[in-house]
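Heads up, the thing below is written out as structure tokens.
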2 protein chains.
Amino acid sequence: MVKRQARGRQRIAEILDAALALFAETGYDRTSTNAIAARAGISPGSLYQYFPNKEAIADALSERLLGELREAHAAAFDDSAVAGLPLPDLVSRVVDPLVFFHVANPGAKVLIGEKGQPLHTGVTDRVGALLRARSPHLPDDDVRRTSTVAVQIVAALMGGIVAAPEPERAALVQELKRALTGYLAPPGGL
Amino acid sequence: MVKRQARGRQRIAEILDAALALFAETGYDRTSTNAIAARAGISPGSLYQYFPNKEAIADALSERLLGELREAHAAAFDDSAVAGLPLPDLVSRVVDPLVFFHVANPGAKVLIGEKGQPLHTGVTDRVGALLRARSPHLPDDDVRRTSTVAVQIVAALMGGIVAAPEPERAALVQELKRALTGYLAPPGGL
DNA sequence: CGACAATACGAGCGACCGCTCGTATTAGTC
DNA sequence: GACTAATACGAGCGGTCGCTCGTATTGTCG
């Protein structure tokens, strides 16, 4: 790792911005590294001064988005009151900032769906912790499975939500909440 | 369209078999047409005797899978008794053959998730018809939205189900059923 | 200023992609 | 067997991809 100057840190941010925009427009596979460099206003060579390969760009972007998501979700997750909240309220509290985040960052969805991406595992872990807090006696396997499934449902519907124009979007958010509430409510749930 | 001999029809089937296997292993984008030809035991030139381009292979495969899925689902969908079945029973009746189908045809999942693929629209339409049968007074928009969301939930979880080894797979199928039942049960649902 | 590291450039490499085309072989029909 | 259409081949074209490398410029620090 080399010593970054202020200019270098700025470049990294610009590269991630460009990658995020292009991922949203055309997906990960179909976005070339040369296109990322061009969008960021630099040459391909300069891009590779900061990232060893394309995957590293996705990883770094994933980390940055996870950080931003953590901030946006601080209130929803960290409040210890969540343990006693009615389920529909809890779902809204988690989903609303998440939708806002994805609308503000289209392109995040192509990263959150990928297993192994920090953004994916990070979100899943946080949901798991929340489940744990509400159902302390649930076996580990059930917690893992339930949080994984919940995240997959969110990821599956988020694309349509982000893409929809406004009257339809609100309806789809409502559907997402109904799906999560319905899934989490029954017997073993919370 | 040229006149196909028996050998030609056989080749088409072999090409689709090869494509299905490779799509399951490495996904659509990362599967090359030369690889499909090689797996089918023919040359790239021969492949293009039967399909004008890569997309046409996916389309034809999608059509074939939709046909097979229709057969597997005939009992679940066409029986007029579905109108009065308890929701959990109905969900099982639809989900179980679907899981069986996807386990037998891994690779179908990369096609069912794609909007515009016959496999996707075909399944969504059938679910919509089923909703209509159970809730005749539901507005068209709600039917469309609900069936779309239900299909997206299934598509999202199916990948994990197919990939999981057997004790875990059954648990995940159970989760899928819980999710669908929970989603479809509430107020406006069926 | 001089020395060194960080930043920047962009032509282009090697690999792979979807696909073509000239040619050879095989099967159906009389 | 002769003729035709269907089938089969595979080297390779034009293009894109991720990425490199030699070189030039800019910033930091003594």
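Proteins get letters first, then strands, A, B, ... in listed order; numbering begins at 1 in each.
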Review point. Got a salt bridge between A:Glu25 and A:Arg39, using NZ or NE/NH1/NH2 to carboxylate O under 4.0 Å?
Key: yes

Practice item. Please state whether the phosphate of D:dT26, meaning OP1 or OP2, lies under 4.0 angstrom from any side-chain nitrogen or oxygen of A:Arg7. Key: no

**Study point:** Interatomic distance where CD1 belongs to B:Ile36 and C1' belongs to C:dC16 [whole Å]
**Key:** 15 Å

Practice item. Identify whether any heavy atom of A:Leu47 sits under 4.0 Å from a base atom; if not, whether one sits that close to sugar-phosphate; answer base, sugar-phosphate or nothing. Key: nothing

Point to revise | Rounded distance in Å - CZ (B:Arg11) to P (D:dA5) | key: 22 Å

Between the protein and nucleotides 16-23 of chain D, which nitrogen or oxygen pairs come in under 3.5 angstrom?
unit_1: D:dG18; atom_1: OP1; unit_2: A:Thr31; atom_2: O; d: 3.2
unit_1: D:dG18; atom_1: OP1; unit_2: A:Lys54; atom_2: NZ; d: 2.7
unit_1: D:dG18; atom_1: OP2; unit_2: A:Thr33; atom_2: N; d: 2.7
unit_1: D:dC19; atom_1: OP2; unit_2: A:Tyr48; atom_2: OH; d: 2.9
unit_1: D:dC19; atom_1: OP2; unit_2: A:Lys54; atom_2: N; d: 2.6
unit_1: D:dC19; atom_1: N4; unit_2: A:Asn34; atom_2: OD1; d: 2.8
unit_1: D:dC19; atom_1: N4; unit_2: A:Asn34; atom_2: ND2; d: 3.4

Exercise for review: Locate the shortest heavy-atom distance separating A:Pro97 from A:Ala72; write the atom from each residue and the value.
Suggested key: CB-O, 3.7 Å

Practice item. Applying side-chain contact (heavy atoms from CB on, under 4.5 Å) between B:Arg64 and each of B:Ile12, B:Leu16, B:Leu69, B:Asp59, report the one that passes. Key: B:Leu16

Exercise for review: Examine the side chains of B:Thr148 and B:Thr124 and answer whether a donor and an acceptor come within less than 3.5 Å of each other.
Suggested key: no

**Study point:** Basic-acidic side-chain contact under 4.0 Å: B:Glu168, A:Arg144
**Key:** yes

Review point. Expressed in angstrom and rounded to an integer, what is the separation of B:Ile15 atom CD1 from D:dC9 atom C1'?
Key: 14 Å

Check your understanding: For the pair made of CD in B:Gln10 and P in C:dA27, what is the distance, rounded to whole Å?
Key -> 14 Å

Check your understanding: Take atom CD in B:Glu166; do more than 12 heavy atoms of anything else shown fall under 6.0 Å from it?
Key -> yes

